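One structure is given here, and the rest of the page talks about it.
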There are 4 protein chains.
Amino acid sequence: MQSKTRTIGRDGPSFIEVARRAQIVECAIDTIATLGYAQASLHQIAERAGISKSVISYHFAGKDELIQQVIDDVSAAGAAAMWPRVQAETTSAGMLRAYIHSHIEFMRTHPKHVAAVTEIFTHYRSKTHEAAATPLEERLRQGQRDGEFREFSPRVMAWTIRAAIDEVGRRFVATPDLDLTECARELSETFALATNR
Amino acid sequence: MQSKTRTIGRDGPSFIEVARRAQIVECAIDTIATLGYAQASLHQIAERAGISKSVISYHFAGKDELIQQVIDDVSAAGAAAMWPRVQAETTSAGMLRAYIHSHIEFMRTHPKHVAAVTEIFTHYRSKTHEAAATPLEERLRQGQRDGEFREFSPRVMAWTIRAAIDEVGRRFVATPDLDLTECARELSETFALATNR
Amino acid sequence: MQSKTRTIGRDGPSFIEVARRAQIVECAIDTIATLGYAQASLHQIAERAGISKSVISYHFAGKDELIQQVIDDVSAAGAAAMWPRVQAETTSAGMLRAYIHSHIEFMRTHPKHVAAVTEIFTHYRSKTHEAAATPLEERLRQGQRDGEFREFSPRVMAWTIRAAIDEVGRRFVATPDLDLTECARELSETFALATNR
Amino acid sequence: MQSKTRTIGRDGPSFIEVARRAQIVECAIDTIATLGYAQASLHQIAERAGISKSVISYHFAGKDELIQQVIDDVSAAGAAAMWPRVQAETTSAGMLRAYIHSHIEFMRTHPKHVAAVTEIFTHYRSKTHEAAATPLEERLRQGQRDGEFREFSPRVMAWTIRAAIDEVGRRFVATPDLDLTECARELSETFALATNR
DNA sequence: CATGAATGAGCGTTCATTCAT
DNA sequence: GATGAATGAACGCTCATTCAT
């Protein structure tokens, strides 16, 4: 039974349902990260999960829902891991440093998750993609209002920072022994200098 | 028949061979830029070229070779348009500024070419992607040796600069009325500050 | 477990068994009439019944048996509604008139049932279809023996009458504001003239 | 190359193209007539034609186009065989007799074609289905205007006549040794009596 | 009795590729 | 050189059915 038609009683989805969905999402992440989005067919994903292709169709309304769930799960995990560290900072410069470091730290702990959503975002032309940068953009703008940052286009700067972090992610997936600590330090310094008044 | 095995005599590929390949590559660029990589089947490309699908198979070993040729042609055109301007600069800072501006200028003059390779890079697990950044990396290193640039990882900086430019390309493709001049100015300033000693 | 193998003791099917089968058959009728045969999957039928898909599999040997039960139930209901009126007539002409009118009257009172079996008959290679016409055929034959009807092939005439009534049913399903009274009158007159000595 | 994208030069489709399409259409007719519409998958049709499933996709835009071609071909053949005979009649009664006889004669010469379109019409909810009866309806109306036919609803009568003929078609498919001559005579007499003033 | 879960076969369609002419 | 024709594998998806609990 698909989630759409599920009875919204007090029980919610069963334990096994939740577990299966989680398992499938994990396998989807693994498959996408390893083979790339284009090769990540339901057949491939199912094979990695050791289940039949139609089990996926049973637990998800379609491939789109599965992909969306991957995005949602990873985004939620990423946000949970990152924003607290960003919020804890009192200066805009500190916030920016925390933003970069926490993103790259998340890559270290969840390399495949990051690889998967990166693949998805580049292939899927998601609407949510755009949105992702705007919180950062808003914070950059705040740093300018506070007089802490120099004048620059917050939009272009936000694009640049995101692109730089994503690029490190891609490199890390391709080269797992990449020194993430160095990358984080480098980006941190680069954008500190680029934004500082 | 693969192009590789074609050159038997001393003549190399015939005139018509060269012309056909060029025509097909141009149509491939046009198709990919317009419809996106996923929709750019050989059928679509051939239709736009007004030729049969099998002509492509005749002149190219396979779709992979065609795609690679698109990358190569656009890269060559880009390099031809950009490196002279970069080489003309005498300082490393000037070189970096010229690198960014000429790249973005190339986007303005060849939007479809840029759109096509952007589509390809995001949808196609390319092996050649890596190589592109290294000339820039070498120049950054030179700037450090000259004492003009501060100490940073030339590799990570080169990645960042390329990623930023590519991101502008993606945004430009998605939003053709994007102010490229502003973007070029912003990136130029950003990376001037980031690299300056 | 099939219903056929259920009856082991002297009791026959339990009350709940009978009720469930009836409920499922009703929902199947409703679903087929509303969505059409092609869309009437077990999933759809079960959803409308508010039960699990496998309940159907439990009470019926398969979809075929369910469909057959729909046919049987509706046929029985139809016969119960129609034959008394037919039997009550003393002349063959009256009988024929009653046959046509009562059939069309049944459409008016049971539109969904008629719609469902109509859908089934057109989409489902039924073997039992044949049988339905033979009682009518026998009565036509009787009318000929009594000298009330002219000489004609009772078989072909019976087919024609049934086909005409079914066609009205199809039209009624497609166009619910069809004037059934007019149709009944027209068919009645048509076949009175066609059979009269 | 699908017919839609075919170049409309002076050549038109090639000989082999025409032959293949005709062959596929014939096999589709055969398959639908034999197995029924629901079982007539592209795989089945292709298997009967001794070709690969994708050959059909090559010559037809999709299953819909194939089915439509079956309808068109059979309708054209049927009309060509029937209308001249109908038109040749000078009286409305003669016309109606010719209509019935030529239809049933067409069944005798093209039994599978008739079976196939009957299957398609009942499964496909075609828009053209409705239209088919109206020329007949118009002729019945003309017969009334001429005072040759009694007063009746031409629409219901046309439905009835078509339904009767189609029913004979269905019976003939199910029972190939059905005496079509008798059927034609019976229907002819039946509807002569039913329409005569 | 009833169910959620799982399965495998089949659907129409797309596509890069091969091949005889 | 060039082409139409043909192919087979893969795609996402639907569905009736089976099974353990």
Side-chain angles (χ1 to χ4, degrees), chain A residues 1-2 6-7 13-17 19-20 38-46 49 51-67, chain B residues 1 6 14 16-17 19-20 38-46 51-67, chain C residues 1 6 14 16-17 20 38-46 51-67, chain D residues 1-2 6-7 13-17 19-20 38-46 51-67:
Chain A
M1 206 174 291
Q2 289 81 346
R6 177 161 307 291
T7 314
S14 72
F15 170 75
I16 196 163
E17 167 85 7
R20 262 280 189 254
Q39 303 302 323
S41 69
L42 291 188
H43 173 72
Q44 280 290 345
I45 296 170
I51 58 178
S52 166
K53 200 173 51 159
S54 33
V55 179
I56 300 177
S57 295
Y58 177 74
H59 289 285
F60 294 88
K63 195 181 188 183
D64 283 5
E65 197 199 316
L66 171 57
I67 297 299
Chain B
M1 209 174 294
R6 179 75 46 74
S14 72
I16 196 164
E17 167 83 10
R20 263 279 192 252
Q39 302 302 323
S41 67
L42 291 187
H43 172 71
Q44 281 291 345
I45 296 170
I51 58 177
S52 166
K53 210 171 39 159
S54 9
V55 180
I56 300 177
S57 297
Y58 180 76
H59 289 286
F60 294 89
K63 196 181 188 183
D64 283 4
E65 196 199 318
L66 171 57
I67 296 299
Chain C
M1 209 173 293
R6 181 72 47 75
S14 70
I16 196 163
E17 167 84 9
R20 265 278 192 249
Q39 304 302 323
S41 67
L42 291 187
H43 172 71
Q44 281 291 345
I45 296 171
I51 59 176
S52 165
K53 211 171 39 159
S54 9
V55 179
I56 300 177
S57 296
Y58 180 76
H59 288 286
F60 294 88
K63 196 181 188 182
D64 283 4
E65 198 198 318
L66 171 57
I67 296 300
Chain D
M1 207 173 291
Q2 288 83 347
R6 178 162 306 292
T7 313
S14 71
F15 169 74
I16 195 163
E17 166 84 8
R20 261 281 188 256
Q39 303 302 322
S41 68
L42 292 188
H43 173 73
Q44 280 291 344
I45 296 170
I51 57 178
S52 166
K53 198 173 51 159
S54 33
V55 179
I56 300 177
S57 295
Y58 177 74
H59 289 285
F60 295 88
K63 195 181 189 183
D64 283 4
E65 197 200 315
L66 172 58
I67 297 299

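The structure presented is a predicted model; accordingly, all values stated were derived computationally and were not measured. Chain identifiers are assigned alphabetically (A, B, ...) following the order of the sequence lines, protein sequences preceding nucleic acid strands; residue numbering begins at 1 within each chain.
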In whole angstrom, give the distance that lies between atom CD1 of Ile56(D) and atom P of dC11(E). 11 Å
Are Ile45(D) and Lys53(D) close enough that some pair of their side-chain heavy atoms sits under 4.5 Å apart? no
Just the rounded figure in Å: distance from C1' of dG8(F) to CD1 of Ile51(D). 14 Å
Over all atoms of both residues, closest heavy-atom pair of Leu42(C) and Ile56(C): O-CD1, 3.8 Å
Identity of whatever pairs with dA9(F) - Watson-Crick or G-U, under 3.5 angstrom: dT14(E)
Can you check whether Arg20(D) has a side-chain N or O nearer than 4.0 Å to OP1 or OP2 of dG4(F)? no
Atom CD of Glu17(A) to atom P of dT3(E): distance rounded to whole Å? 16 Å
On DNA chain F, compare the nucleotides closest to Ala40(C) and Ala40(A); which residue's is nearer the 5' end? Ala40(A)
Protein-nucleic acid N or O pairs under 3.5 Å, nucleotides 17-21 of chain F:
from: dT17(F); atom 1: OP2; to: Lys63(C); atom 2: N; distance (Å): 2.8
from: dT17(F); atom 1: O4; to: Lys53(C); atom 2: NZ; distance (Å): 3.1

Roughly how many Å is it from CD in Glu65(D) to C1' in dG12(E), rounded to a whole number? 14 Å
Please round to the nearest 0.5 Å and tell me the distance separating atom CZ of Arg20(C) and atom OH of Tyr58(C). 11.0 Å
Within-4.5 Å side-chain heavy-atom neighbours: His59(B) and Leu66(B): no
DNA chain E: 5'-proximal contact among Val55(C) and Ala38(D) (nearest heavy atom): Val55(C)
With a 4.0 Å limit, can you tell me whether His59(B) has a side-chain N or O closer than that to the phosphate oxygens OP1/OP2 of dA2(F)? yes
When the nearest nucleotide of DNA chain F is assigned to Phe15(D) and to Gln44(A) on a heavy-atom basis, which residue is associated with the more 5' position? Phe15(D)
Between CD1 of Ile16(A) and P of dT3(E) the distance, given in whole Å, is 17 Å
Considering every strand shown, what is the Watson-Crick or G-U wobble mate of dA20(F) when both distances are under 3.5 Å? dT3(E)
Regarding Ser41(A), tell me which of base, sugar-phosphate or nothing describes its non-hydrogen contacts under 4.0 Å with the strands shown. sugar-phosphate
Whole-Å distance separating the NE2 atom of His43(C) from the C1' atom of dA6(E): 16 Å
Would you kindly give the CZ-to-P distance between Phe60(A) and dT14(F), to the nearest whole Å? 15 Å
Backbone of Ser57(B) reached by a side-chain donor or acceptor of Ser54(B) within 3.5 Å: no
Ile45(D) has an atom CD1; how far is it from atom P of dG10(E), in whole Å? 16 Å
Side chain of Gln44(C), backbone of Ala40(C): donor and acceptor closer than 3.5 Å? no
Within the pair Tyr58(C) and dC1(E), is there a side-chain N or O less than 4.0 Å away from OP1 or OP2? no
